[in-house]
**Q** 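This is the structure, below, for whatever I ask next.
We count ligands from 1, going down the list as the structure has it; atoms in each ligand are counted the same way.
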Amino acid sequence: MTAQPAGIYIHVPFCRAKCPYCDFYSVTALDRIDAFVKALPTEMDMQRHRISLADTVYFGGGTPSLLSARRIERILDEVHARFAVTKDAEVTLEVNPGTVGRLDLDAFRRAGVNRLNIGLQSTDDHILSFLGRIHSADTGIATYRHARDAGFDNVGLDLIYAVPGQTRKAWEAEMAKVVELAPEHLSCYTLTIEAGTPLARWVEEGRVRPLDENIAGDLFSATADFLEAHGYKQYEISNYARVCKTERLDLRSRHNRKYWNFVDYMGFGPNAHSLSGATRRWNCSTLDEYMDALQRGASPEAGRETLTREQQILEAVYLGLRQTEGIDTKLFSSRFQSDFNDLFGKQAAQLAAEGLIDASAEQVRLTRRGMRFMESVVQIMLE
Ligand code: SF4
């Protein structure tokens, strides 16, 4: 167990429709929501000994906003009945536009949600249609405004860029609309072609031509440049928090930072993952298997592995470099009882000479250019 409070993740595996690029697990059988919500406490009972204190609860999916506020409240009550959760816990709900109205957002807030992550994805209707989203740009922006009207003061927006045919000018125009809304947090993901998705098939059949890698790289750099010029600070390769000069608020996602910093987290629901010390566990991947296991009184756990010291070192480098704070070499050396520079000093010097990382005695982090080529940099680092 780490000294830091853990995170609790609830995977809500329902979506109104499947987006053709998405490989997250979800089903469209919304009539099963009730049974799923009723089954969750059984899994929580099985895992209650694993967490001594949590300071985040994250409803992810899928589309958690398909659950009524009454159900969200019920799940939160079940969490509080079994786990110690700090009073100031960050309680995030992922919301997809087109699934909620103003009154729902009011009710989510009353139910105990204090942070929203809205899947806006784009402010361009053509892109939203290509992505197979159920909402229009107007609906997405209206959802954001409703969230503000409902009193949410911590709202993140998810965006997807590097879609086929997208130009830097068009992407900057989208970002300009988004920063005008002044969300506290932005997650900007490049569109990736995930194997087994309809999008991957369209690419294979030649019906869709992915954006050229160099243009996608330019858009990545443009994202960081644009957002940093408009009051956002990048803290992870795809994540930005609004800089709050007056109140010194930290608007980074407390929950997601646990994933990148090896803090324990406990996942509930089909396909949810958990980390406890060096042990990772994951649940069976489908709703059917999950419900069957719980009905039999069995754990829905499908597998587990305990990372070796070497695997932990590799992950610490990979996850450290994803974050703009980089790797704290002193912390690294004390955690693994091995000097960082003895292990990686040679590669770090080579990458620093190429302008891909900044390496000081205490910190090793990617430069902006290094971020653009992160996968190759990490590969060289770990050679
Ligand atoms: S709404 Fe989100 S989770 Fe559901 S299919 Fe679309 S991208 Fe995937």
**Q** Spell out, as yes or no, whether a donor-acceptor pair under 3.5 Å connects the side chain of Thr367 to the backbone of Gly355.
**A** yes
**Q** Go through ligand 1 atom by atom and flag the ones less than 4.0 Å from a non-hydrogen atom of Thr63.
**A** 1 (S)
**Q** Which of these passes side-chain hydrogen bond (donor to acceptor under 3.5 Å, both in side chains) with Ser65: Thr99, Asn96, Asp104?
**A** Thr99
**Q** Is there a donor-acceptor contact under 3.5 Å linking the side chains of Tyr9 and His11?
**A** yes
**Q** Which ligand 1 atoms does Cys22 reach within 4.0 Å, using its non-hydrogen atoms?
**A** 3 (S), 5 (S), 7 (S), 8 (Fe)
**Q** Any donor and acceptor pair, going by atom type alone, linking the side chain of Thr223 with main-chain N or O of Leu219 inside 3.5 Å?
**A** yes
**Q** Is the backbone of Thr308 close enough, under 3.5 Å, to the side chain of Gln311 for a donor and an acceptor to pair up by distance?
**A** yes
**Q** Would one find an N, O or S atom of Cys19, in either backbone or side chain, under 2.8 Å from atom 6 (Fe) of ligand 1?
**A** yes
**Q** Taking non-hydrogen atoms only, is Arg133 closer than 4.0 angstrom to ligand 1 via side chain, backbone, both or neither?
**A** side chain
**Q** Identify, for atom 3 (S) of ligand 1, the protein heavy atom at the shortest distance, and state residue, atom and that distance.
**A** Gly62 N, 3.4 Å
**Q** Please list, in number order, the atoms of ligand 1 under 4.0 Å from a heavy atom of Tyr21.
**A** 7 (S)
**Q** Do we see a donor-acceptor contact under 3.5 Å between the side chains of Asn271 and Ser285?
**A** no
**Q** Using a 4.0 Å cut-off to any heavy atom of Cys15, which atoms of ligand 1 qualify?
**A** 1 (S), 3 (S), 4 (Fe), 5 (S)
**Q** With heavy-atom distances below 4.0 Å as the criterion, list the atoms of ligand 1 near Asn96.
**A** 1 (S)
